[in-house]
Amino acid sequence: MTSDASAIKPELLREYSESFNKDRANLIAADAAVSAGVLKAATDYRGVRELPRDFSVELKQGSITNQEHSGRCWMFASLNTLRYELMHRWNLEDFEFSETYLFFWDAMEKSNTYLENVLATLDEPTDSRTFDAVNAGPSDDGGWWQMFAALVNKYGLVPKSAYPESANSRNSSDFKQYLNSKLREFARDLRRRHAAGEGLDALRTAKDEQMSVVYRFCAIALGEPPAKFDWAAYTKDDKDGKDCCKSDGKCGKQDGCKCGDECKCEADGKSCTCGEKSDDKKHSGIDDRPVIRETGITPLEFYKKYVPVDVNDFASLCNSPMAATPFGKRYVIKFSANVAEAGDMEFVNVPLDVFKKAAIDQLTAGHPIWFACDCTQFALRHDGFFDQSVVRVDQLFGTEFTLDKADGLEYSDSPSNHAMTFTGVNIEDGKPNRWKVENSWGKDNGKDGYYVMSDAWFDRFVTEIIIRKEYLDDATRELLTAEPVVLEPWQPLTKRCI
């Protein structure tokens, strides 16, 4: 048997083993990792203690949501940013949009766009890089904020009560597996008909017929979405007077007090009673809180009436320090749309200081932030920590991890794979040192569904944030209308959050 210079040599294996067993730290690390798993064995209790869960800026959000076994994180994070605005505008204790409603239309729109992309690449070989990118996941779950905005612009929004979760929205893999198979079958048919000489008009007619099958898939798996619905929501009871009195230390009602003429401020000027003391009131058992009621409202009407922000008033900022994506430019990603007529996804690439300042400005102004990151790196997903000082895999394995942010993107080691929402930040001496993260993995993960992220982890692994245009500096705002640089669909920064 001839020797091969590329093979692992037996004598080297013996050396590796001898060296491993001589080091007591290796043996202890192996005992811990084999018994408890890598993450538990690598957890540094000192890092955990140094990352508390209190924040100088903290937004009051609704109850934690749960995407369950689906790739809808981008959708949940988007809806969580909007429900915060709706809840505070309409004085609601809690609220949740229907994620399934947008999931239905996203599946329809991605299927249509996939078939349109097939028509646009009819002469591409099936083994070309372009067609491989088009064909990779015809109607997969993943997406970006701009996909969300395109869906909301076209279909509106509905509360969860109007279109609740189903078995296939909670666990989407089977539904999407067979939908994708059918779509690829349709792609094969369209390409064969093109090869046989059929023109584009005839192929698009065939595509429209294929889309009727897609609708059947979606309606059977998820149920048909409502065209109109009824909705009722109780507003918070303000009769306790907590926010009625002036805060200047003088007795007197604020302009927004809802207690009417019966409101009486206490001597401390910080609380009030409405007429008789609550202990003396007679309780009928009837819920007499103010209620919002709608009958026969459409999803678009609901969005325009009850959501106090426009999804088009946001910009996608990236922080990608790769040489291939210089800062100060606008980029567009080919073949990245979900709604065909809405166009491809785009972003502006900015330096870290600009990126971070926009996030801090928006949070301190009282608005949550959609963001995308690699949630797998140096993360305790169950316990709720994102921090390299907590997950000391470097110490466990006795080696440093030296890829920086640019390397991680260029070598596909840390692409964005999850979207969440920032709902807080801690500022000390004018600088952030940790961030509060609302996740969509249910309340049993993290601390009641919330995570804490170190600022160093933010710098390294947060790649995209969605910022209201009012919180952009002038130079960044100007980039939104600059001539875009077009990125091919296989280049870094094109991964969809899953």
- List the atom of Ala107, the atom of Ser139, and the distance in Å for their closest heavy-atom pair. O-OG, 3.4 Å

- Message: Between Arg193 and Glu209, does the salt bridge (charged side-chain N to carboxylate O under 4.0 Å, His left out) criterion hold? Intermediate values first, please.
- Response: CA-CA 14 Å; Arg193 294 171 72 157; Glu209 295 171 357; 5.5 Å; no

- Query: So with a 6.0 Å cut-off around NZ of Lys469, is the heavy-atom count from everything else above 12?
  - Reply: yes

- Query: Mind checking whether Trp105 and Tyr101 have parallel, tilted or perpendicular rings, split at 30° and 60°?
  - Reply: perpendicular

- Message: Are the side chains of Met345 and Arg496 in contact, using a 4.5 Å heavy-atom criterion?
- Response: no

- Item | Audit row: Arg460, Leu403, side chain to side chain contact (heavy atoms under 4.5 Å, CB included) steps and yes/no | CA-CA 10 Å; Arg460 175 64 178 82; Leu403 292 182; 3.9 Å; yes

- Residue Lys405 excluded, over 12 heavy atoms near NZ under 6.0 Å: yes

- Query: Between Phe347 and Tyr331, what is the ring plane arrangement, given parallel below 30°, perpendicular above 60°, and tilted in between?
  - Reply: parallel

- Going through the checks in order, is the side chain to side chain contact (heavy atoms under 4.5 Å, CB included) test met by Val390 and Phe378? CA-CA 8 Å; Val390 171; Phe378 303 96; over 6 Å; no

- Query: How are the rings of Phe461 and Trp457 set to each other: parallel, tilted or perpendicular (split at 30° and 60°)?
  - Reply: tilted

- So does Glu96 pair up with Lys160, basic N to acidic O under 4.0 Å? yes

- Does OH in Tyr215 sit with more than 12 non-hydrogen atoms of other residues, nucleotides or ligands closer than 6.0 Å? yes

- Item | Close side-chain approach of Val437 and Phe422, heavy atoms under 4.5 Å | yes

- Item | Heavy-atom closest contact (Val158 atom, Pro226 atom, distance) | CG1-CG, 4.5 Å

- Query: Quick one: side-chain hydrogen bond (donor to acceptor under 3.5 Å, both in side chains) partners of Asp474, sequence neighbours excluded?
  - Reply: Arg477

- Item | side chain to side chain donor-acceptor pair (under 3.5 Å) pairs, two or more places apart, involving residues 442-452 | His382-Asn445

- Does Glu93 pair with Arg289 as a salt bridge, N-O distance under 4.0 Å? no

- Query: In this structure, which one of Asp106, Thr113, Asn112 forms a side-chain hydrogen bond (donor to acceptor under 3.5 Å, both in side chains) with Lys110?
  - Reply: Asp106

- Is any side-chain N of the basic residue among Arg83 and Asp94 closer than 4.0 Å to the acidic one's carboxylate O? yes

- Message: Looking at Tyr178, I'd like to know if its OH atom is crowded, meaning that more than 12 non-hydrogen atoms belonging to other residues, nucleotides or ligands lie closer than 6.0 Å.
- Response: no

- Plane angle bin for Phe314 and Trp145 - parallel if under 30°, tilted between 30 and 60°, otherwise perpendicular: tilted

- Query: More than 12 foreign heavy atoms under 6.0 Å from CD of Gln177: is that the case here?
  - Reply: yes

